[in-house]
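Here's the structure we're looking at; comments come further down.
Every chain is numbered from 1 and lettered A, B, ... according to where its sequence line falls, protein lines coming before strand lines.
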Number of protein chains: 2
Amino acid sequence: MQAKLSGFISAIQQATTLDGLQSVIIGLRDHLGIEHVIYHSVNSTGQQYAVLTYSPEWVDRYLAEDYARIDPVLQGCFRRFHPVNWKTLDWSGRAQRMFLGEALDAGVGNQGYSVPIRGPNGQFAMFTVSHRARDATWEKFTGEHVADLILFAHFVNQRALEIEGGHDLNVMRSLSPREIDVLTMLAMGLNRAQAADSLAISEHTFRTYVESARFKLGANNTTQAVARAVAEGLVLI
Amino acid sequence: MQAKLSGFISAIQQATTLDGLQSVIIGLRDHLGIEHVIYHSVNSTGQQYAVLTYSPEWVDRYLAEDYARIDPVLQGCFRRFHPVNWKTLDWSGRAQRMFLGEALDAGVGNQGYSVPIRGPNGQFAMFTVSHRARDATWEKFTGEHVADLILFAHFVNQRALEIEGGHDLNVMRSLSPREIDVLTMLAMGLNRAQAADSLAISEHTFRTYVESARFKLGANNTTQAVARAVAEGLVLI
DNA sequence: AAGCCCCCCATCATTTTCGGGGAGTTGCTT
DNA sequence: AAGCAACTCCCCGAAAATGATGGGGGGCTT
């Protein structure tokens, strides 16, 4: 497997379009002998795109019904770090209806294993393998491939980020230490008076820093300035 | 290496304390034949802890001087998804003084390779290997071990999350879709009137959502609520 | 030495937000 | 059928933030 694995990773890294990634993913699916491989990403502007082997009908249905809101896989991945076996999720209520009533018919496997992936600026993605199999079989399969799947997930996401994302993230804005201080205090929930006090400067001075930080960050108001600073990692809460 | 790798991963998974992780990490360092292995985590409440092989003096110095603010490794990792070779970072200005003037003396290797890791709730961590070596040697070493390092990073972080506190992850704050909407608008820099307008709800309704989101997030004011939501990845800007 | 950025301080009128109340509908879950 | 969470709408006075202006001193870089 090891040789094959690095082969797939090379292939991933040579892909220059999402279609290219799709081909690699299909190759991977066939190699693993399973039914579905899905890579699904939500980027920082809230736009999402996916590279998958589901039927277009099911994808349309999923989007139209806004199943993302009730999908236990998505919810589960979002709050976990380690990959998650679908069997361990909570499939009650609406989720059950979605799964038993529609997803299975649409060709989604009864078993699944999803790797959560997080990138800079709040990017979130999932790399999923799905199949029709018995619990024990699936347990064995996933157990043997955890490491490989984590690596695939990483490299697919890395490539997808390179393909999709403009590298305007590199235009790092720099704030002065004091500007970072004031934004940090605000992000911690202090009001101007408290914050200025705890930095031992006048409220007016405090305001000056907020203004200049706001200007540098191209923000309309304090809240946006704080949000941007937090999102860019300039301010750690 | 493959056999060794899974051995280390098993060892990681058997660790029950951060000290246990430390032992595994030292074993890993010796096995790789390098000088330092560092795992450093920051969660969304700003608490940080580390498992590392640096001298306590250097760690104290780093914390006391708040070097996290100017450390290009931290900054660079926060903006990237893929592991980063220290050589590719911007080591000018204060960072240079820190590195040449103190870090090297403190035993930090001249070469380094850091894997960024992101978990739920805005958790952020780095897994770093550092060594004294020439560029070509280091290039070769890291090239050969990228995949392994990514995997180590993953499993160390997974274990550290389990050890440090699975409890606060369970009380994962979940915001309703509308609450996320209002915070998103605010994070984008609109004021209440504009935001309410663009969501096609009354300003007062808008306020109600902000209030309930603020309550759920345990925030003192709107700015903090937005900052927390952004930091935890609930709101994408 | 000039220019630039960082650090600090101030006023006033205007706009925006906050905090404290209260009320009604839908829709899912149990 | 009841409960609960989410969604929608409203008032008002007090408190806070903003915008538009000023000012001065210190330190690094060119």
Side-chain angles (χ1 to χ4, degrees), chain A residues 65-67 69-72 75 90-98 101 173-227 234, chain B residues 66 69-70 92-97 172-227 234:
Chain A
E65 295 290 325
D66 206 7
Y67 278 155
R69 290 224 173 136
I70 57 170
D71 188 344
Q75 309 289 331
D90 174 27
W91 290 98
S92 60
R94 272 183 300 181
Q96 189 172 45
R97 281 197 291 280
M98 171 188 85
R173 0 223 182 190
S174 78
L175 297 178
S176 81
R178 230 37 180 163
E179 285 160 353
I180 291 178
D181 287 341
V182 299
L183 294 186
T184 303
M185 301 312 263
L186 292 174
M188 294 190 326
L190 301 170
N191 64 25
R192 281 207 309 215
Q194 297 170 317
D197 203 49
S198 95
L199 290 177
I201 58 179
S202 80
E203 196 173 331
H204 307 100
T205 304
F206 187 90
R207 275 189 59 189
T208 312
Y209 293 136
V210 177
E211 295 278 298
S212 61
R214 195 162 59 79
F215 183 73
K216 283 185 185 173
L217 294 167
N220 295 325
N221 54 40
T222 304
T223 302
Q224 189 181 17
V226 172
L234 297 168
Chain B
D66 208 6
R69 287 264 166 90
I70 57 170
S92 57
R94 275 180 297 182
Q96 190 173 42
R97 280 196 290 281
M172 155 72 171
R173 4 233 182 179
S174 74
L175 298 179
S176 80
R178 230 36 181 163
E179 284 159 353
I180 290 178
D181 287 341
V182 299
L183 294 186
T184 303
M185 302 311 259
L186 292 174
M188 294 191 326
L190 295 117
N191 64 24
R192 280 207 308 216
Q194 296 170 318
D197 202 50
S198 96
L199 290 177
I201 57 178
S202 81
E203 195 173 329
H204 187 268
T205 303
F206 187 90
R207 276 189 56 191
T208 312
Y209 293 137
V210 177
E211 295 278 299
S212 61
R214 195 163 60 78
F215 183 73
K216 284 186 184 174
L217 293 167
N220 295 326
N221 54 39
T222 305
T223 302
Q224 188 182 18
V226 172
L234 297 168

- request: Let me know the distance between CD of A:Q224 and P of C:dT17, rounded to the nearest Å.
  value: 13 Å
field: Distance in angstrom units between A:F215 CZ and C:dC6 P, rounded
entry: 12 Å
- line: Quick tally for nucleotides 15-26 of chain D: nucleotides whose base has a protein heavy atom under 4.0 Å get B, sugar-phosphate-only ones S, the rest -, giving --BBBB------
- prompt: Under 3.5 Å, is there a donor-acceptor pair linking the side chains of A:T205 and A:S202?
  reply: yes
What's the separation between atom [atom1] in [X] and atom [atom2] in [Y], rounded to the nearest 0.5 Å?
X: A:N220; Y: A:R214; atom1: CG; atom2: CZ; answer: 8.0 Å
X: A:L190; Y: A:T184; atom1: CG; atom2: OG1; answer: 10.5 Å
X: A:Y209; Y: A:L175; atom1: OH; atom2: CG; answer: 13.0 Å

Name the atoms and distances for all side-chain donor-acceptor pairs under 3.5 Å in residues 191-201 of chain A, with sequence neighbours left out.
residue, atom, partner, partner atom, Å
A:N191, OD1, A:A193, N, 3.2
A:N191, OD1, A:Q194, N, 2.8
A:Q194, OE1, A:N191, N, 2.9
A:S198, OG, A:A195, O, 3.4

Name the pairs: protein N/O against N/O of nucleotides 3-6 of chain D, kept only if under 3.5 Å.
residue, atom, partner, partner atom, Å
D:dA6, OP1, B:K216, NZ, 3.4

Relative orientation of the end axes in the helix from C:dA1-D:dT30 to C:dT30-D:dA1, expressed as an angle to the nearest 10° (five pairs per end): 70°
Atom pairs, protein N/O to nucleotides 27-30 of chain C N/O, distance under 3.5 Å:
residue, atom, partner, partner atom, Å
C:dT29, OP2, A:R97, NH2, 3.1

task: Determine yes or no for a side-chain-to-main-chain donor-acceptor pair under 3.5 angstrom, with B:E179 supplying the side chain and B:S176 the backbone.
output: yes
message: Please check: side-chain N/O of A:E211 versus main-chain N/O of A:T208, any donor-acceptor pairing under 3.5 Å?
response: no
task: Can you see which heavy atom on A:Q96 is nearest to which on A:W91, and at what distance?
output: CB-O, 3.1 Å
field: Contact check, side chains of A:L183 and A:L234, non-hydrogen atoms, under 4.5 Å
entry: no
query: At under 4.0 Å, does any side-chain N or O of A:H204 touch on OP1 or OP2 of C:dA10?
result: yes
- prompt: Is any side-chain nitrogen or oxygen of B:S202 closer than 4.0 Å to OP1 or OP2 of D:dT8?
  reply: no
message: Once salt bridge (Lys or Arg N to Asp or Glu O under 4.0 Å) is applied, do any residues pair with A:D71, and if so which ones, sequence neighbours excluded?
response: none
message: Using the rule side chain to side chain contact (heavy atoms under 4.5 Å, CB included), only one of B:N221, B:L186, B:V226 pairs with B:V210; which is it?
response: B:L186
